[in-house]
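Just so it is clear, the model here is predicted, and its values are computed rather than measured. Residue numbers start from 1 in every chain, and the chains themselves are labelled A, B, ... in the order their sequence lines are given, proteins ahead of strands.
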Amino acid sequence: MCALSSGVLSHLSLLEVKARSRKTQLQQHSRVMELKAKVEALKTQREQLKAQIQTHQDLQKLRLAMDKQCADEEEENMEEESENSKLLRLMARHTQLKDLLHAHHLIGGYDIIKTRKGKGACVSIATAYEDVFLDTFNLEIDLKPTVKISRHNIPPFIPLNNLAEQNNMQTDLRVFLDTLSKHLNAFAGRKQQLKLVKEKHKSVEVMESNVLCSLLVLLFTVPREKTAVLCTLDYTDHTRCLPTRVHLESEDKQLPDSPQWKKNCTLLMETPVHKALITMKKMGSIA
Amino acid sequence: MDNTVKRLLERLVRRIPSRMLKTTLDKWSRLTATQRQSIDYTESKWALTEKLLAICEENELTVKHIAELEMIHVIENPNLGMWHAFQLMDPQGDAHSVELTQFKEQFKSHLSELIRHVSIKIKKHTDEAVWIRIAWGDTFSRPNHLKPTYVVHYLQTPYVFLSSLTSKQKPLLSQALVLSTRYQAIKDANLSGRKLTAIRDLLMKQYLQVFPTKFPSPLAERNRVVSNLHIEKEQAGSAANRHQMACEAFGDGLLPQLQSAVYKLETKFRDHTNKTMTERDEPFRCVVKFASTNLLESLRHSASSGTQKVLKTVIRITIIVFCKEVSYVTITWYVTKSCRILTASLQVSTRGHQSPGRNSHIVMLLH
């Protein structure tokens, strides 16, 4: 019996083989032999399945023990183990690592899979901001003969080659990937903030921005007096979503030094810009 | 009226298609409302030019204002003219914090120092691109606005796109660019094309690349149009595989429209029956050119449809072999399963041989 999914052609060829073999079949007697052989085959299959179930149960027990051990941070019990139990322990560790990788994927960490029969790897770095998944970036890395990046879709304003050198990609791939992930997530976060400012705060004009989203110049209007305030946000630390410097300029020279605007300055340094603007609007600082 | 203004305006009106003239003039905003309404866009180009010249004279517009109009038109239509991509090398510490005002000032001052009479206009477009229009003069003559150079640069990226630059102007422009962007050198990125958007998308990686992944995004499911539930495609599995591989090699969705790719190739001839060719010491130097209306799309289609022979009508391939023994070549290209290696079968006729030489193989890696 073959499933339909394996194709009509293969099914037809199987029927052809059956038809041919039926022609060369002997009498009733051999039919009994045939059935006896089938019984034996099924018995062995049953034993195999029983053994598989047993291994699976042992593995689960061992996994529970291992997880508990990790949680309690006890010393591992290195008693004399048979070949079987060593293998079982290895298998349990393997499933533990697979689950860890899956959990890492679920929390938005990076995924890594083997490519080209183990000679390469493909890393997918997910970016997210404020509980929303944003773009995913990928890197294909050659592992043999040396570790180097063969292709990627990381934009050119992220200094990929610099990061690879500084973080010793050859020897410590994980540190490199962690730093890269920080840069990409921070960039995605800043980009998202800019998008939200443009969408939700139409009264605020974006005077200048750049592709890296490391500089933002906004024009505020003070409600009653209608004075204009120019606010420059410098994000010189590219691994962060918050500015490193806030500079205010206004036609009214006293304004940036007023207590209200000094507060706004601190607010902009400590809160993401789209949220800070909401607060500033509520306080009546800006229109 | 100044002759340059007249010629520039004439040329511009000729270039801009009538249907776009109205929107371009509105964007320019150098004409009053009444003046704009007085223009009849159904008239002939010649009549339109006369009308505009009269208006410009009325408003006392100079060549700089017309240059503005030209710039607006070029920015709206970046896929005309020939663009060459260049790459800035070795950024200095503060290269990543160069901002627009600083760049503008620095560029203008550096270029003016290098060449006495030059007219520079810098404009930032909504997609963060910085456009520069340069009209070159020299110690004795005023800037020539009829042959301007256009430069497109995205701050914080190492790429610069240039159009209409002579070899004399190149070192001056390179110097000014390098100094104002705080890099140390500039080199040819070896990518040129008519469509600025295509080469820009390719370099800035703004097209959909496909990577092998364990967790395909659930939102990117391909909508399978199930025409009839009782019909099952035998080849569906392998067709999907081929499509995936083709997308991994060339990208998914709308690809940058490259029209030609030129490769410089050094290779050896492999054919035991042809001694003249195989016994050469030096390698063959060839230039291989792929041409198509949409090169990447054609390659992806041929890879995913599983055809071994790339259709010659879809892609035109020319190989020019620099060697005196060769008198004609015909090429057939084969795309292998990995889509990354194109094997070319080269049929070469050698001088002194009456019959054409047999096929040999040149293996090329397509990055």
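- Contact of Tyr159(B) with chain A is made through the side chain alone, with heavy-atom distances under 4.5 Å.
- Residue Leu208(B) does not touch chain A at all, counting heavy-atom pairs closer than 4.5 Å.
- For the side chain to side chain contact (heavy atoms under 4.5 Å, CB included) with Gln209(B), the qualifying choice from Arg151(A), Glu140(A), His152(A) is Arg151(A), the only one to do so.
- For Phe187(A), the ring pair (Phe, Tyr, Trp, His ring centres under 6.0 Å) partners two or more places apart in sequence, or in a different chain, are Phe157(A).
- When the heavy atoms of residues 230-244 of chain A are compared with those of chain B, the residues falling under 4.5 Å are His238(A), listed by number.
- In this structure, NE2 in His96(B) is found 14.0 Å from CG in Leu215(A), a value given to the nearest 0.5 Å.
- The part of Ile154(A) that comes within reach of chain B is its backbone (N, CA, C, O), which places non-hydrogen atoms under 4.5 angstrom from that chain.
- When all heavy atoms of Leu155(B) and Val211(A) are compared, the closest pair comes out as O-CG2, 3.1 Å.
- Around atom NE2 of His125(B), more than 12 heavy atoms belonging to other residues, nucleotides or ligands sit under 6.0 Å away.
- Applying the 6.0 Å contact sphere to NE2 of His94(A) captures no more than 12 heavy atoms from other residues, nucleotides or ligands.
- Atoms CD and SG, from Gln156(B) and Cys213(A) in turn, are 10.0 Å apart once rounded to the nearest 0.5 Å.
- Distance check: Asn153(A) CG to Tyr207(B) OH gives 8.5 Å after rounding to the nearest 0.5 Å.
- By the 6.0 Å contact criterion, CE on Met204(B) is enclosed, its count of non-hydrogen atoms from other residues, nucleotides or ligands being greater than 12.
- Of the two parts of Pro212(B), the backbone and the side chain both hold a non-hydrogen atom closer than 4.5 Å to a non-hydrogen atom of chain A.
- Looking only at side-chain heavy atoms (C-beta outward), Pro155(A) and Lys205(B) stay at 4.5 Å or farther from each other.
- Both the backbone and the side chain of Ser209(A) come within less than 4.5 Å of a heavy atom of chain B.
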